[in-house]
Number of protein chains: 2
Amino acid sequence: MSETATKENLGKEVEKEETGPGHIRLRNRALILQAAEEVFAEQGYRGATTAAIAERAGLPKANVHYYFGTKETLYRAVLDDILALWLGELDRLTEDSDPAEALADYIKAKVVHSRERPLASRVYANEMIRGAKHTGDFLKNDLKSLVKRKSRVLESWVAQGKMEPIDPVHLFSVIWAATQHYADFEVQVAALVGRRQMTARDFDEAADTIVRMVLRGCGLHYGKAAE
Amino acid sequence: MSETATKENLGKEVEKEETGPGHIRLRNRALILQAAEEVFAEQGYRGATTAAIAERAGLPKANVHYYFGTKETLYRAVLDDILALWLGELDRLTEDSDPAEALADYIKAKVVHSRERPLASRVYANEMIRGAKHTGDFLKNDLKSLVKRKSRVLESWVAQGKMEPIDPVHLFSVIWAATQHYADFEVQVAALVGRRQMTARDFDEAADTIVRMVLRGCGLHYGKAAE
DNA sequence: CTAAAACCTGACCAATTGGTCAAAATTAAT
DNA sequence: ATTAATTTTGACCAATTGGTCAGGTTTTAG
């Protein structure tokens, strides 16, 4: 039952004991969430059918509705996993860390993320493009306050003379845009590098390019690989 | 009849004479294409219904099918307009132009584009996210050869000692990602800057930030507004 | 072992969807 | 003015969709 569950860990409801009360619920919910993420990423909200999700999860359609009620609820559950993931990524930016190192690490982690969980990125991108109708509060509350908190870190770096002043919102926007691009627009990038699928090396080069631009853009010394 | 047509010029079939043979065809096709771009951008391919497109165009649904046959054909027509637009943008990058100036101009033009035609950007983003199933040839032929051509321009700049070497594919990827982000993720950026809608000034600051990072990333002198 | 709780699912349904069509209305050409 | 070509559209259809439900099976608790 862990064909899918081991490949991509969806957090919460996975990797529990194989038996015991509720283990069926846990297993099937994880199965459905995984399938739903795939179908929502490939087809968009409206394009995803509960039948397709059920089929990919290897369960009858009625079972999907048994666990999640409506497609809307299921979509929000998928989104919740993704949003939680999104928020936990900025932890490495702290006041006393080295800006160049911290930013480089963050960018590289985001690129790894684009390679390993492109579907999550695509579901999120789809949601934003369509106006964040299921996510309004997340943006205005959680994400905004997180960015505000991290903005203070950047300001402290500037105050400590560690880097040049820069608008934090635009800095984060560029980082997110550039890194997530390699998940969301993978087909385009792959076509341009002349491969059907991008290699790990392609992703590394992408990360290096982004790190180079961001660090220099902040007046930071770009250490390795820059020559 | 030009309420929509004047606001956003869709190229081909607009701004013809008000009378004469075929003028109805021209007017209605433009009306439908405009409406279709809106609905496809907001709802995605599958989420867009021909009925919704027809309603927004102010025409009965059967009329939409009269002009475009199928939803698929209509979608491709919308996409064709956008792809043509995409290709025409890189003209200002030529061998004998100044790299800093040319790149800055290009980035600024792309950001203006994100502000003025966000719907086109969103339809395109949606198409890429879903795997470019209607656009495969464009990527592998048109876009790839264009990028190859422009890569030679960059190489010539490097050879002339005007800038540092950089992987062109990743450079373009970062530029496209960062600039289009302000159209595709407008709700997110707007939430972060604390506005419901971004202002012209927000877009200008975004462009400046991107220009600063890209130019410095290429070892170019970032002239104005950097300080 | 037994009863309750949890889980399963084929069959079904109302609503929506992309698309068709034939008859009517309008516009163009002679 | 007459004919031909184009345009319009309400009515219709088969297929798909999200969702329901009743009656079943399996799992769990005491």
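Residue numbering restarts at 1 for every chain, and letters A, B, ... go by the order of the sequence lines. All figures in this text were calculated on a predicted structure; none of them were measured in a lab.
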Please state how far atom [atom1] in [X] lies from atom [atom2] in [N], giving the value in whole angstrom units.
X        : N       : atom1 : atom2 : result
Tyr67(A) : dT20(D) : OH    : C1'   : 18 Å
Glu72(B) : dG18(C) : CD    : C1'   : 12 Å
Tyr66(A) : dA5(C)  : OH    : P     : 13 Å
Leu26(B) : dT27(C) : CG    : C1'   : 15 Å
Phe68(A) : dC8(C)  : CZ    : C1'   : 16 Å
Asn63(B) : dT26(C) : CG    : P     : 14 Å
Asn28(A) : dT26(D) : CG    : C1'   : 13 Å
Lys61(B) : dT9(D)  : NZ    : P     : 14 Å

Which nucleotide in [options] has an atom nearest any side-chain atom of [X]:
X        : options                   : answer
His65(A) : dG18(D), dA6(C), dG10(D)  : dG18(D)
Ala62(A) : dG19(C), dG10(C), dG10(D) : dG10(C)
Arg25(A) : dC7(C), dG19(C), dT8(D)   : dC7(C)
His23(A) : dT28(D), dG18(C), dG10(C) : dT28(D)

Legend entry - Distance, nearest 0.5 Å, that separates CZ of Arg149(B) from CG of Leu146(B): 5.0 Å

Parallel under 30°, tilted from 30 to 60°, perpendicular over 60°: which one fits the rings of [X] and [Y]?
X         : Y         : value
Tyr124(A) : Phe138(A) : perpendicular
Trp86(B)  : His113(B) : perpendicular
His170(B) : Tyr182(A) : tilted

Legend entry - Distance-only donor-acceptor test (3.5 Å): side chain Lys71(A), base dG19(D): no

Inset, instruction - State whether Tyr45(B) and Lys71(B) meet the cation-pi test: NZ (Lys) or CZ (Arg) under 6.0 Å from the six-membered ring centroid, and within 45° of the perpendicular axis. - result: yes

Legend entry - Any residue meeting side-chain hydrogen bond (donor to acceptor under 3.5 Å, both in side chains) with Asp202(B), in chain and number order, not counting sequence neighbours: Arg195(B), Thr199(B)

Inset, instruction - Taking atom NZ of Lys150(B) as the centre, report whether more than 12 heavy atoms of other residues, nucleotides or ligands fall under 6.0 Å from it. - result: yes

Identify all pairs in which a protein N or O lies below 3.5 Å from an N or O of nucleotides 22-24 of chain C, and state each distance.
none

Inset, instruction - Measure from the side-chain N and O atoms of Ser97(A) to the backbone N and O of Leu93(A), and report whether any donor-acceptor pair falls under 3.5 Å. - result: no

Legend entry - Positions of residues 40-60 of chain A (non-hydrogen atom under 4.0 Å from DNA chain D), listed by number: Ala48(A), Thr49(A), Thr50(A)

Inset, instruction - Go through Glu72(A) and His134(A) one step at a time and tell me if the side chain to side chain donor-acceptor pair (under 3.5 Å) criterion holds. - result: CA-CA 9 Å; Glu72(A) 163 87 19; His134(A) 306 263; 3.0 Å; yes

